[in-house]
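Let me begin by presenting the structure, written as structure tokens, before commenting on it.
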There are 2 protein chains.
Amino acid sequence: MGKGRVETLYFALRQMSVNFSLRPGERLNEVALARQLGASRTPLREALNRLAAEGFIDFEPGRGFICRKLSVREVDDLYQMRIALEIYALRLVVANAADDALGEIAGFLDRTREGESGGWTLEDVVAFDEYFHETLAALAGNKELSSTLKNINARIRFFRWVDMEERRPRTQHEHREILEAVIARDGELAVELMERHIDRRSSQIADALKECYAKLFLDGDFTEPSFIEEVSI
Amino acid sequence: MGKGRVETLYFALRQMSVNFSLRPGERLNEVALARQLGASRTPLREALNRLAAEGFIDFEPGRGFICRKLSVREVDDLYQMRIALEIYALRLVVANAADDALGEIAGFLDRTREGESGGWTLEDVVAFDEYFHETLAALAGNKELSSTLKNINARIRFFRWVDMEERRPRTQHEHREILEAVIARDGELAVELMERHIDRRSSQIADALKECYAKLFLDGDFTEPSFIEEVSI
DNA sequence: GTATTCTATACTGTATACAGTACGAAATAC
DNA sequence: GTATTTCGTACTGTATACAGTATAGAATAC
């Protein structure tokens, strides 16, 4: 079955939103975007409407579609959502998951370990990080929860990309600890470790976001960082 | 500022999806729907795309938009999501909420108490139930969490409407107990009460859904209950 | 009578045209 | 020089036309 034109546009635009190829706060020119993506305005707008419903872009009636801004508040809220969902999922996983499935994840952690040889790029590490959390949560067997979590992860990926630079050394060890607590069926420990692993201070988020927009505007046309909201907390 | 045409269509269609004025599993005829709602197909489809992204209706490429089916699995998953989100929110509320705000909710529970005199309709009671949960969770101050919760509540409203017939007597008392635990800042108790209050067995859900579609097809044209998925668990 | 192919219809998917409006730039007043 | 109004442009919002395809019904074969 063909995936459908709107679907294709949806994923292309989603990708653009995720890595901010579109500048934050910028109004999207539908005609230009449509031509750039080789489509017409109608299916483009349908894809944009879906993305707006999922929080990947903003929409203002009469003004059109606008690239979301880098908001401390939003990242903060999404990290809390992660904690809420992942912790609940984790309890279910500890109670119900098969040992086999947990063993698979352990194998994944082994294969992606960063030894003296293993030279992973930052993108790799971020992808592994997401994969670990999503796969573990998926063992809870709740589709709605899993898809919500995936959406959240996509929306905070730009942040993770900066955050990971600092946390990279710790991440691996923490993942292993969490998984071992799950395998030992120690729910309380697993939950406690997971919460500490995910938790971020608002100040950390603000710092990372500053770095984010610095990165975004490094090459050339630095205009006005008016697209970053609530830098102060 | 005018709310925009698509926005209006969005809410009208959302309402239709919530109370299943559209029959589950039924393909939506865009031309007919557009005429019925006094709009053109283009904005209609934009609204439908948003609703599809939020899970209020389904979409199959090449076949068009389809009213979601009554699914035990989905209701089950959404109830788990409620537990995950509301419990996490509750911990934040216990830790941070102002006494004033909690007092307001207590006042709301008083005003909506079902005395010998107070004759509330089932719709009223369901609305009060949603309001209690959403208002309490909102005190956690997380916009993403609140809006996700509201979406979930809209998606399970048809179910609540049946479920409440049975739970009506208990509900009020349980809400009061939960709130009192929060006011007493007893987080563990509040969480335990809330989890028990929300939790449903899959078998309960299946029974209620059967009643749901019985209700939907009571007047006249009973055709084929093929729109109910996974009646057996 | 049942299954299968063909055909007509009706619906979705997309392009495009047009209307209305927001926005920016130029011009004028002060 | 600064503020304000006017005007032109360009973009969004919506209707509509057309093309392609899924679907149902009729006709035919078995």
Side-chain angles (χ1 to χ4, degrees), chain A residues 1-14 16-17 21-69 221 223-224 226-227, chain B residues 1-14 16-17 21-69 221 223-224 226-227:
Chain A
M1 174 171 41
K3 279 267 110 190
R5 185 87 147 260
V6 174
E7 197 111 337
T8 311
L9 287 170
Y10 169 85
F11 283 112
L13 290 162
R14 191 170 181 271
M16 293 170 80
S17 169
S21 331
L22 310 163
R23 292 295 162 83
E26 185 180 55
R27 284 176 63 188
L28 306 184
N29 186 325
E30 296 175 6
V31 178
L33 247 186
R35 190 167 45 211
Q36 181 187 336
L37 294 168
S40 176
R41 276 182 65 211
T42 308
L44 173 72
R45 281 178 60 97
E46 294 192 7
L48 288 171
N49 270 291
R50 288 197 207 177
L51 291 163
E54 292 175 341
F56 284 100
I57 57 172
D58 295 334
F59 174 74
E60 291 180 26
R63 294 194 69 225
F65 295 92
I66 297 166
C67 181
R68 69 200 165 122
K69 299 191 174 186
D221 50 0
T223 48
E224 182 66 7
S226 66
F227 58 88
Chain B
M1 173 169 45
K3 279 265 108 190
R5 185 87 147 258
V6 174
E7 198 110 338
T8 310
L9 287 170
Y10 169 85
F11 284 112
L13 290 163
R14 191 169 181 270
M16 294 171 79
S17 169
S21 333
L22 312 163
R23 292 294 162 83
E26 184 180 57
R27 283 177 65 188
L28 306 185
N29 186 324
E30 297 174 8
V31 178
L33 248 187
R35 190 166 43 210
Q36 181 186 336
L37 294 168
S40 176
R41 276 181 65 213
T42 308
L44 174 72
R45 281 177 61 96
E46 294 192 5
L48 287 171
N49 270 292
R50 288 198 206 176
L51 290 164
E54 292 175 341
F56 284 99
I57 57 173
D58 296 334
F59 174 74
E60 291 180 27
R63 296 194 68 227
F65 295 93
I66 297 164
C67 182
R68 68 201 166 120
K69 299 190 176 186
D221 51 0
T223 50
E224 183 66 6
S226 67
F227 58 86

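Just so we're on the same page: letters track the sequence lines, and every chain starts at 1.
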Quickly work out the A/R45 CZ to D/dA15 P distance and round it to whole Å. 12 Å

Spacing of A/L44 atom CG relative to D/dG13 atom P, expressed in whole Å: 12 Å

How many whole angstroms separate atom CD of A/E46 from atom P of D/dG13? 14 Å

Look at the side chain of A/R63 against the base of D/dG13 and say whether a donor-acceptor pair falls under 3.5 Å; ignore hydrogens and angles. no

From the options D/dT12, D/dA22, D/dA15, select the nucleotide whose nearest atom is closest to the side chain of B/T42. D/dA15

Separation of atom CD in A/E7 from atom C1' in C/dT14, rounded to whole Å: 16 Å

Tell me: CZ of B/R50 to P of D/dG13, nearest whole Å? 9 Å

Lys NZ or Arg CZ of A/R50 over B/F59 ring: under 6.0 Å, within 45°: yes

Once you apply a heavy-atom cut-off of 4.0 Å, does A/L28 come out as touching a base, just sugar-phosphate, or nothing? sugar-phosphate

Would you say B/S17's side chain and B/F56's backbone share a donor-acceptor pair under 3.5 angstrom? yes

What's the CG-C1' distance between B/N29 and D/dA22, to the nearest Å? 14 Å

Please report the distance, rounded to the nearest Å, between CD1 in B/I66 and C1' in D/dA22. 12 Å

Salt bridge check, A/R23 against A/E26: does any charged N sit closer than 4.0 Å to a carboxylate O? no

Across the strands shown, which category fits A/R41 at heavy-atom distances under 4.0 angstrom: base, sugar-phosphate, nothing? base

Map A/A39 and B/E30 onto DNA chain C by nearest heavy atom, then report which one ends up closer to the 5' terminus. B/E30

